[in-house]
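For this chain, numbers begin at 1 and follow the sequence in order.
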Amino acid sequence: MGAGGRSNPCDLHVNKSNNNTEVIKRAPTSKPPFTLADIKKAIPPHCFERSLVRSFSYLVADLTAVSVFYYVATTFIPHLPHPLPYLAWPVYWFLQGCVFMGIWLIAHECGHHAFSDHVWLEDSIGLVLHSCLMTPYFSWKISHRRHHANTGSLEHDEVYVPKTRSTLNASAFYLDNPIGRTLTLLVKLTLGWYIYLSINAAGRPYDKFASHYDPRSPIFSDNERILILVSDIGLISFSYFLYKVAMIQGLAWVFCVYGGALMVMNAFLVTITYLHHTHPSLPHYDDSEWNWMKGAFATVDRDYGVLNKVFHNITDTHVLHHLFSYIPHYHAMEATKAIRPVLGEFYQSDSTPFFVALWRESKNCLFIEPDESDEKNKGIYWYSNKY
């Protein structure tokens with residue numbers, strides 16, 4: 001793990017196979033020798049500047065790519081000889097789904113006030129883009145903002161809150177094998193995003209039913225409930241549009257042109273967010289140990305190869321994103337390079353191919369527990385797979 005932190009209190013050995021082990025250094029959990037102001041000073045001032053023209057240029061480029069892929073797919077794939085269309089459509093879904101992911105992330109930037117200096121414009125663009133990608137914009141923006149405010153907190157983080165040994169469902173034991181792990185990943189990558197939005201699965205536990213679609217959900221405060229309704233109206237409106245198109249073109253056509261690519265986007269969305277916050281080196285904290293700075297460092301940059309650019313570098317600049325979420329994506333790489341010397345061992349990255357890391361983390365990060373050998377830090381929890 002690149003630039004990993006020192007072990008606390010010792011290196012964590014993760015079984016890689018029956019014959020050898022991979023040594024993962026745990027991220028540091030002590031107070032860093034720098035402040036947030038020190039980190040900010042290391043970043044060139046222009047990295048904090050938002051350019052409406054530049055932000056729109058990336059959106060236009062992505063929408064152009066969507067249009068080109070759509071034109072090529074609908075013009076040529078239906079006329080390919082059998083069985084080539086069965087091979088060509090999945091290729092289209094992958095390519096278009098990756099671009100969808102880029103557009104989704106531009107809307108994500110709108111929610112972080114990183115697209116322009118005008119919040120009303122960001123919310124308008126974000127609402128339209130996310131609605132067209134079946135995401136409730138304001139609902140997710142609100143819960144995601146609280147995730148950034150409480151990252152790594154077992155009591156208050158909004159998403160990817162891992163189970164402790166005592167709260168782990170018994171079914172996890174029976175699914176802890178290659179077949180069970182494959183089925184679990186299949187469900188997560190195909191339905192996981194909508195399950196989370198619908199019933200807050202893997203999210204912060206609430207005293208009553210929580211859903212991103214419900215304006216009365218405990219996720220939201222009273223003055224936010226009207227925004228949840230606006231998000232729902234956006235989703236209903238676009239769903240009605242899809243329904244009308246399906247009545248004309250057919251459901252199969254809608255799936256081929258839009259649905260398959262949306263599934264690819266959802267799979268990448270789950271993969272990206274899961275891998276940013278799940279790694280054997282990353283700690284979680286209860287209220288006795290957590291603070292905002294510790295939580296911000298409880299994330300890891302990943303490498304998706306050429307897709308880093310397609311995904312507007314959210315994949316390999318996520319540590320920076322948790323420190324300064326309002327930095328536009330087109331400055332994120334420069335800012336990340338600037339802060340790495342300051343962060344030192346507090347900066348976490350892993351260049352393992354994402355598909356390998358997805359399998360590894362699903363195998364090794366089953367639940368969290370305090371380190372029994374560290375009597376002084378019982379409020380710090382680490383991933384484990386040993387029941």
When you check the gap from the basic side-chain N to the acidic O, do Asp350 and Arg360 get nearer than 4.0 Å? yes
Does one side chain, of Ser281 or His279, offer a donor that lies under 3.5 Å from an acceptor on the other? yes
List, one per line, each side-chain donor-acceptor pair under 3.5 Å for residues 68-75, sequence neighbours excluded.
residue: Thr74; atom: OG1; partner: Tyr70; partner atom: O; Å: 2.7
residue: Thr74; atom: OG1; partner: Tyr71; partner atom: O; Å: 3.4
residue: Thr75; atom: OG1; partner: Tyr71; partner atom: O; Å: 2.6

Looking only at side-chain N and O atoms, does Asp176 offer a donor or acceptor that is under 3.5 Å from a partner on Asn385? no
Can you check whether Arg54's main-chain N or O pairs, donor with acceptor, with Ser57's side chain at less than 3.5 Å? yes
Quick check: His329 with Tyr58 (ring centres under 6.0 Å apart)? yes
Look only at the side chain of Ser231 and the backbone of Leu227, and say whether a donor-acceptor pair between them is shorter than 3.5 Å. yes
Is it true that a side-chain atom of Asp38 and a backbone atom of Phe34 form a donor plus acceptor pair closer than 3.5 Å? no
Testing the 3.5 Å rule here: is there a donor-acceptor pair between the side chains of His284 and His277? no
Do any N or O atoms from the side chain of Arg302 and from the backbone of Ala357 form a donor-acceptor pair under 3.5 angstrom? no
Just by distance, no angles: are the side chains of Tyr285 and Asn291 close enough, under 3.5 Å, to form a donor-acceptor pair? no
Pair Glu49, His331: side-chain N/O donor-acceptor within cut-off below 3.5 Å: no
Do the side-chain N and O atoms of His276 and Thr299 include a donor-acceptor pair separated by under 3.5 angstrom? no
Within the distance-only criterion (no hydrogens, no angle test), does the side chain of Ser211 pair as donor or acceptor with the backbone N or O of Ser198 below 3.5 angstrom? yes
Determine, for Tyr196 and Lys188, whether the Lys NZ or Arg CZ falls below 6.0 Å from the six-membered ring centre while staying within 45 degrees of the axis. no
Is the Tyr258 to Phe238 ring centre distance short of 6.0 Å? yes
Any donor-acceptor pair under 3.5 Å linking the side chain of Lys378 with the backbone of Pro370? no
With Thr336 as reference, evaluate Asp301, Leu343, Asn313 under the side chain to side chain contact (heavy atoms under 4.5 Å, CB included) test and give the passing residue. Asp301
